[in-house]
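Report on the structure given below.
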Amino acid sequence: MKTVIKRMAAIAVACAIVIVTPVVAMAEVSTQTTFVRQDSPMLGQGGYIYYIRTNDENAMSEIYRKNVSTGKESLVVSCDNVINKMQISGQKLYYSCADETEFGFDTYCCDLNGTNDEFCCEGTIAYADSVNVYAIKLLEDGSSKLYQKNLLTGKQTSIKTVKSNEVIEFVTNINGDSYYYVYRSGDSRLILYLLGNGRKKPVKVAIEKNSKSNEGNYLMVSDVKNINNELYYNYGCYQGSGGFWCGNIKKLTVDGEKKTICKNINDDRLLVGNNELYYSSLAGDNYKYNLQTGKKSKYSLAYEAKVSYTIVGDKTYMADVSDKNKIRISRFRSGTARQTLTKNFISFAFKQKSQINYSVTVKPVGIYNMICVTGIDFSDQNYGWRGRLDSIDWYITDRSGKVLGNFR
């Protein structure tokens, strides 16, 4: 579930139970150079899935949409550079594409089918509603500015500007309220801001301080959720050559008290069900936190070769790739040792290549679940310990587990 774009000196880059019989034709997986990456934005809207394909060789990006009921895929927009963000507001698609400067982006908008494509504003889109678009622009002196552009009048209003040694990024929007963070490398402080719906001045919500042992990595807020009028936020940093998340979860109570839920976790999303929050430690231990009582407890996810887990709220998906011709995904209640297990909740034919290591993740997009099958060649020494990315295949299912289509 690691979908956060990292940026400082550069940009590098969350039902009925049935057993489904295979409906997708078996196909040999071939080497790709253009990918719909697991951490790239993906949107579900009106029976369509919108996704970004990026070419690893020339960084050219294209947005496609797939009609789930008909299976038809169509090109929406094409960009000569990387597209890093997209968002749908009303009947418009907004997307941000790299410009010709070192780190700059411009935002464009078009109809949902790609017509009437036009320039919207400078910078990377943060959020858009029916009246305004909010964007973050990198200025020539290295500073960054969050500003608002009125879509009706074209008037631009500056909201917050940060210095060249500081970072400002959008986190999420909750019912019209937007959350941003600022990291100040000068004093190693991370500040979470709330920009209320219709407001033009952000309010400080929380402040965190980077530790001396972590000074080489800048802090960021990866996720925010409002649960029962209490604000939960996940903050930390990506560490090492593998970019592994090392985070902490805190909450602000109704009376404004700050409480630590957990430290040193490896999930950069807030994995929340109806009554519990789930997280894993860096050592691989699994915990659940009761949102009502505040009680924590540990539970076990048994290690098995060729098996991976994805927590999606109160359901945990267990993907088994041990069969070279089929992928089987079982499902059970999160926070348990496979309680209410439904074996082969999702299954589909998939012919694996020898020497390729496959992993599977699940993420909800709109009314669908998206199954991502990633193939890595670890035997290719030219790519080091990470291996060479060989393939990424996507499968669309409804919430009952029925496979509706696929793309790559």
Side-chain angles (χ1 to χ4, degrees), residues 1-13 28-40 52-59 61 82 84 210-211 213-220 222 234-248 263-269 271 279-286 301-311 317-324 327 329 350-363 370-394 408:
M1 310 283 282
K2 293 180 176 60
T3 57
V4 178
I5 294 178
K6 297 172 276 183
R7 168 177 171 263
M8 181 60 166
I11 297 178
V13 105
E28 180 74 26
V29 179
S30 60
T31 301
Q32 297 172 244
T33 57
T34 301
F35 300 94
V36 180
R37 292 194 172 269
Q38 181 180 340
D39 58 354
S40 67
I52 301 169
R53 283 199 181 101
T54 301
N55 190 302
D56 271 9
E57 296 179 347
N58 58 22
S61 295
V82 172
N84 74 334
N210 205 354
S211 63
S213 61
N214 193 49
E215 286 182 349
N217 300 294
Y218 86 95
L219 292 182
M220 60 187 297
S222 61
N234 189 342
Y235 77 96
C237 61
Y238 293 98
Q239 296 184 348
S241 58
F244 299 107
W245 179 252
C246 177
N248 312 274
K263 296 181 179 180
N264 299 322
I265 64 168
N266 64 9
D267 309 296
D268 64 355
R269 298 290 88 187
L271 308 176
Y279 60 91
S280 301
S281 70
L282 296 179
D285 297 318
N286 301 287
L301 289 177
Y303 171 79
E304 293 182 42
K306 304 288 187 180
V307 171
S308 57
Y309 299 89
T310 304
I311 299 173
Y317 293 82
M318 181 177 66
D320 186 342
V321 297
S322 59
D323 188 329
K324 294 297 183 181
I327 289 177
I329 303 174
F350 187 91
K351 187 173 179 62
Q352 300 182 28
K353 296 168 66 176
S354 60
Q355 295 187 336
I356 303 299
N357 182 282
Y358 292 93
S359 61
V360 179
T361 58
V362 181
K363 71 174 179 178
M370 305 300 300
I371 315 299
C372 181
V373 184
T374 303
I376 302 289
D377 183 1
F378 290 107
S379 67
D380 193 332
Q381 299 302 312
N382 294 322
Y383 292 82
W385 66 269
R386 291 191 191 93
R388 176 181 59 82
L389 178 60
D390 180 79
S391 60
I392 300 180
D393 289 79
W394 291 89
R408 59 195 333 240

For residues [X] and [Y], determine if any side-chain heavy atom of one lies less than 4.5 Å from a side-chain heavy atom of the other.
X      : Y      : result
Cys372 : Lys363 : no
Trp245 : Met220 : yes
Cys237 : Gln239 : yes
Val307 : Met318 : yes
Val36  : Ile392 : no

Residue pair [X] / [Y]: nearest heavy atoms and the distance that separates them:
X      : Y      : answer
Cys246 : Leu282 : SG-CD1, 3.7 Å
Asp390 : Lys353 : OD1-NZ, 3.6 Å
Val362 : Ile371 : CG2-CD1, 3.7 Å
Arg386 : Ile376 : O-CG2, 3.4 Å
Ile52  : Ser40  : O-OG, 4.2 Å
Trp394 : Gln38  : CZ2-CA, 3.7 Å

Distance from [X] atom [atom1] to [Y] atom [atom2], nearest 0.5 Å?
X      : Y      : atom1 : atom2 : result
Phe378 : Gln355 : CZ    : CD    : 13.0 Å
Lys263 : Asn248 : NZ    : CG    : 7.0 Å
Phe35  : Asp393 : CZ    : CG    : 10.0 Å
Leu271 : Ile265 : CG    : CD1   : 8.0 Å
Tyr317 : Ile311 : OH    : CD1   : 12.5 Å

Between the main-chain N or O of [Y] and the side-chain N or O of [X], is there a donor-acceptor pair closer than 3.5 Å?
X      : Y      : result
Tyr309 : Ala302 : yes
Gln352 : Val321 : yes
Arg388 : Ser379 : no
Ser280 : Asn266 : no
Asn210 : Asn217 : yes
Asn234 : Asp267 : yes

Quiz question: by atom type and distance under 3.5 Å, do the side chains of Tyr383 and Asp377 form a donor-acceptor pair?
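No, no side-chain donor-acceptor contact under 3.5 Å.
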Could you list the residues that satisfy salt bridge (charged side-chain N to carboxylate O under 4.0 Å, His left out) with Asp320, not counting sequence neighbours?
none
Using side chain to side chain donor-acceptor pair (under 3.5 Å), reason through Thr34 and Asn55 one step at a time and then give a plain yes or no.
CA-CA 4 Å; Thr34 301; Asn55 190 302; 3.2 Å; yes
Thr54: what forms a side chain to side chain donor-acceptor pair (under 3.5 Å) with it, not counting sequence neighbours?
Ser61
For Tyr279, give me all partners under ring pair (Phe, Tyr, Trp, His ring centres under 6.0 Å), at least two apart in sequence or on another chain.
Tyr287
